[in-house]
Amino acid sequence: MSRSRRAWIGTSWKMNKTRAEAVAYLAELREWSGTSSLDVDVAIFPPFTALATAAAQLTPARRAPSADRPGPSLHLGAQNMHWQANGAQTGEISVTMLLDCGVSIVELGHYERRQHYGETDYSVNLKASAAITAGLQTVICVGDSEQDRQYAVAPEVVARQVKVAARGIPSHALASVVLAYEPAWAIGTGGQQAEPAEVEAIHRVIRTALRQSHGPQGAERVRVVYGGSVDAASADRYATQTTVDGLFVGRSGLTATGLIGVIEEFCAAAPDAASELVFLEGSAHDSC
Ligand code: PEP
């Protein structure tokens, strides 16, 4: 079985790292990507305070593989944004500000933001629409809680999150959307890794929800990835699932070495891409 979408691996640093630490991390990542031939999208989500510094480390000349040498593409991401272009929103960041810092992808709807900062499916949708209209890629996080799992309602909970988040997004724009399935019970300290078969089942639910909202072609454009206590030792378990297009990692991506380990293990175990099926615009090479 071959993979039809380019692999995507992302990591959020959450509320970690100074600018100096960001520089050291990205120097190590850049050095690795300069020698690696893995054809994979790698997205790094530093805190807002390190974005401009990180962007300087990841200028296009430094981060893109050349036409004759395929390799990882490094993308700079932000961990959140407001949907308004500007205005009286103390403490918030707009899409214009993110673009000004060199950001190309924004993370929306992470469980921690839903749980502690009042993020809802509807605010995620407003943010996703604003981001995509402005030309940013998005990674939209969805996931069931421990209670949803106990009550066996995870499929409908996740399907609803997906449908609300993706509402109104044009079908062609779904190529710039990554959906990260991150069950609340699997992420962070004390999280329990989801079994690959469980991930596979929910990823199918996500794809079905997208088919219902955007038709089969639109649904095929979205990359669906898993996040929750993954490290280099476990990345291969998910890579062999054909519904898993990549991974989103937290703790194991806090060091460049840890992230590189996850990327290499995932890519080593992932089936090759069928190049004729790659829907991602601008993706010229086969996936890892
Ligand atoms: C996360 O919080 O999104 C996450 C995937 O964290 P971890 O990998 O540390 O479980």
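Counting only residues at least two apart or on different chains, no salt bridge (charged side-chain N to carboxylate O under 4.0 Å, His left out) pair has a member in residues 87-110. Sorted by first and then second residue, the salt bridge (charged side-chain N to carboxylate O under 4.0 Å, His left out) pairs involving residues 7-25 (not counting sequence neighbours) are K14-E112. Within the structure, ring pair (Phe, Tyr, Trp, His ring centres under 6.0 Å) contacts touching residues 93-141 (residues at least two apart or in different chains) do not occur.
No donor-acceptor distance shorter than 3.5 angstrom exists from the side chain of S176 to the backbone of Q137, with no hydrogens or angles considered. In this structure a side-chain-to-backbone donor-acceptor pair under 3.5 Å is missing from D236 to E265.
With respect to the salt-bridge test (charged N to carboxylate O, under 4.0 angstrom), the residues R5 and D41 do not qualify.
The structure places OG of S252 at 8.5 Å from CG of L247, a figure rounded to the nearest 0.5 Å. Here the CG-CZ distance, from L174 to R223, works out to 12.0 Å after rounding to the nearest 0.5 Å. For the atom pair CG of L58 and CZ of R30, the computed distance is 7.5 Å after rounding to the nearest 0.5 Å. Distance check, rounded to the nearest 0.5 Å: SG of C101 to CG of L76 gives 8.5 Å. Between the CG atom of L51 and the CD atom of Q79 there is a distance of 8.0 Å, given to the nearest 0.5 Å. With rounding to the nearest 0.5 angstrom, the CG atom of D148 is 11.0 Å from the CH2 atom of W185.
Considering all non-hydrogen atoms of both residues, P183 and Y226 come closest at CD-CE1, 3.7 Å. Of all heavy-atom pairs spanning I169 and A128, the tightest one is CD1-CB, 4.1 Å. Closest approach of A7 and V40 over heavy atoms only: O-CG2, 3.6 Å. A154 and D144 make their closest contact through CB-OD2, 3.4 Å (heavy atoms, listed as atom of the first residue, atom of the second, distance). The minimum heavy-atom distance between A256 and L29, with the atom names listed, is CB-N, 4.3 Å. Closest approach of V103 and A78 over heavy atoms only: CG1-N, 3.9 Å.
Proximity of L259 to I44: side-chain heavy atoms (C-beta onward) are separated by under 4.5 Å at one or more points. Side-chain contact between P47 and M15 is absent, with no heavy atoms from C-beta onward closer than 4.5 Å. V177 has its side chain out of reach of R221: every pair of non-hydrogen atoms, C-beta onward, lies at least 4.5 Å apart.
Through side-chain heavy atoms spaced under 4.5 Å, either directly or across other Ile, Leu, Val, Met, Phe, Trp or Tyr residues, F248 is tied to W8, F45, I105, V139, V178, V225. In the hydrophobic clustering, where aliphatic and aromatic side chains (Ile, Leu, Val, Met, Phe, Trp, Tyr) are joined below 4.5 Å either directly or transitively, L126 groups with W83.
In summary, of the residues considered (D231, L254, I263, T11), a side-chain contact (heavy atoms from CB on, under 4.5 Å) with V249 occurs for T11 alone.
For N16, the CG atom is densely surrounded, since the number of other residues' heavy atoms within 6.0 Å is greater than 12.
Side-chain polar atoms of E28 and T257 form a donor-acceptor pair below 3.5 angstrom. Defined by atom type and a distance below 3.5 Å, a donor-acceptor pair is missing between the side-chain atoms of R167 and S129.
In terms of the side-chain contact (heavy atoms from CB on, under 4.5 Å) criterion, residue partners of A22 (sequence neighbours excluded) are, by chain and number, W13, A50. Partners of I93 under the side-chain contact (heavy atoms from CB on, under 4.5 Å) rule, at least two apart in sequence or in another chain, are F48, M97, L98. Taking E119 as the reference, N80, R113, R114, S123, V124, K127 meet the side-chain contact (heavy atoms from CB on, under 4.5 Å) condition, with sequence neighbours excluded. Residues passing the salt bridge (Lys or Arg N to Asp or Glu O under 4.0 Å) test with R160 are D121, sequence neighbours excluded. With sequence neighbours excluded, the residues satisfying side-chain hydrogen bond (donor to acceptor under 3.5 Å, both in side chains) with Q89 are Q84. Annotation: side-chain contact (heavy atoms from CB on, under 4.5 Å) contacts of Q212 (sequence neighbours excluded): K163, T208.
Below 30°, between 30° and 60°, or above 60°: for H203 and Y181 the angle between ring planes is above 60°, a perpendicular geometry.
Residue V205 is not grouped with residue V224 when hydrophobic side chains (ILVMFWY) are merged at heavy-atom distances under 4.5 angstrom, including chains of intermediate members. A single hydrophobic cluster is not seen to contain both V157 and L179; linkage of ILVMFWY side chains at heavy-atom distances under 4.5 Å, directly or through other members, places them apart. With hydrophobic clusters built from ILVMFWY side chains whose heavy atoms lie under 4.5 angstrom apart, V164 does not share a cluster with V162. Under the 4.5 Å side-chain heavy-atom criterion for ILVMFWY residues, a single connected hydrophobic cluster contains both F266 and W32.
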Name every donor-acceptor pair, under 3.5 Å, that has one atom in a side chain of residues 186-202 and the other anywhere in the protein, sequence neighbours excluded.
unit_1, atom_1, unit_2, atom_2, d
Q193, OE1, R237, NH1, 3.3
Q193, NE2, S229, O, 2.8
Q193, NE2, S234, OG, 3.0
E195, OE1, R237, NH2, 2.9
E198, OE1, E195, N, 3.1
E198, OE2, R149, NE, 3.2
E198, OE2, R149, NH2, 2.9
E200, OE1, T243, OG1, 3.2
E200, OE2, R204, NH2, 2.7

